[in-house]
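Take a look at the structure set out below.
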Amino acid sequence: MEKIKMTTPIVELDGDEMTRHIWQWIKDILICPYVDLKSEYYDLSLVNREKTADQVTVDSANAIKKYGVGVKCATITPNAQRVKEYNLTQMWKSPNGTVRAILDGTVFRAPIMVNGITPYIPTWTQPITIARHAYGDIYKDVEGYVKKDGKAKLVIDDADGHREIEIFDYSKSGGVVMGMHNTDKSITSFARSCFNYALDTCQSLWFATKDTISKTYDHRFKDIFAQIFEEEYKSKFEKAGIEYFYTLIDDAVARVVRSNGGMIWACKNYDGDVMSDMVATAFGSLAMMTSVLVSPDGNYEYEAAHGTVTRHYYKFLKGEETSTNPVATIYAWSGGLRKRGQLDGIKALQDFADKLEKATIDTIEGGYMTGDLASIYKGNAKVVKLNTVDFLKKIAEQLA
Ligand code: NAP
Ligand code: MG
């Protein structure tokens, strides 16, 4: 059989620990037998980030900007313990944070649904995608403690002059205070990424904040979304048969729970952080959650939502058998290859991505799965718990 040819390289960001091995196995067992893989390779392992003073992370993000599509393996974000373990000269920043800052995007997370792994909410028959704004708010806040009889004020200096707004008079009790911000530029890219992703995946977009209480801050998000939608996307949405609407976050929560899924739910940074964990858990497992970073100028970075699965890796190093779930990493590859196929007009590559995903789902539905899924599976098939490599080989049989 002739292998599928690619015309533009996919940017490949390799990573750490268990997922680094899974990365190689997926390429060897599932992709390279069928695709003449053309990739521009960046080694984002912590060892190589140390060696290059993290330049490799910056280079990989710029490569995604150049070619448009990247696939990323999970990577270690170093903490004090990792600094010792890897003998680092610096506590390098989170690679995801660095890539995000260069690409300026929004993170979309969606569960992979399989018969037999049932959502805790039975009406959720289609996946719910969370679009999380990945800049600002409490993640870039400043905080302080104010003693009794103190005062806290908001001071603004801009072209309109100098204003001091009292936040609170602590005459009866000491307490806490917080200042946070966001920018029109970042909110605008967030909005565009959401509208583009909705069109790309042909799903309606819901957006919710607490604008009734936060009449300037949250209201600004609402206004920017509304303006961009009216000016740039309204007719495209009508043509695609999808809708955009804004509602209050309380109402969105109630509606999402009662819905059948199948929509994108755009959330401010904190809401998205919390809601994506809630949605992933309610759908079954973090190991079955895909994640893609979409930039406003149309660059894509696909990855799994989970980390490097350190606990399994240490067992693997001791020679013990591991049954780590590779599904989200397979979907990172299929997502990236499909997007490459779409951008380059290579139908065979798009079809391959579809078939790879179908083979993965069919394998699980046939009863063959990793340990994490075996423990929550409620379907009719007889369950066979496999180690990671045997599971990948089963998918390969199905794919063949
Ligand atoms: P993790 O790697 O996601 O693993 C946490 C636990 O979740 C695992 O111990 C395992 O539970 C379960 N799990 C996660 N993925 C699984 C899979 N594919 N198959 C089966 N079980 C899975 O999170 P972590 O242990 O907090 O972080 C480990 C490292 O990953 C850290 O260095 C962190 O910096 C990094 N990280 C990277 C990313 C990223 O690159 N996007 C994201 C998060 C974390 P059991 O042990 O109970 O089986
Ligand atoms: Mg979270």
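Only a predicted model underlies this, so the values are computations on that prediction, with no experimental measurement involved. Order of listing sets the numbers, starting from 1, for every ligand and every atom in it.
Between Y302 and Y331, the gap from one ring centroid to the other reaches at least 6.0 Å. The aromatic ring centroids of H133 and F207 lie 6.0 Å or more from each other.
The side-chain heavy atoms of Y34 and K355, taken from C-beta on, include no pair separated by under 4.5 Å. Taking the side chain as every heavy atom from C-beta outward, S60 and L44 approach each other to under 4.5 Å. Annotation: side chain of F229 is in contact with side chain of F195 (closest heavy-atom distance under 4.5 Å).
For Y145, the OH atom counts as densely surrounded, since its 6.0 Å shell holds more than 12 non-hydrogen atoms of other residues, nucleotides or ligands.
Protein residues with any heavy atom under 4.0 Å from ligand 1: K72, A74, T75, I76, T77, R82, N96, A287, E303, H306, G307, T308, V309, T310, R311, H312, T324, N325, D372.
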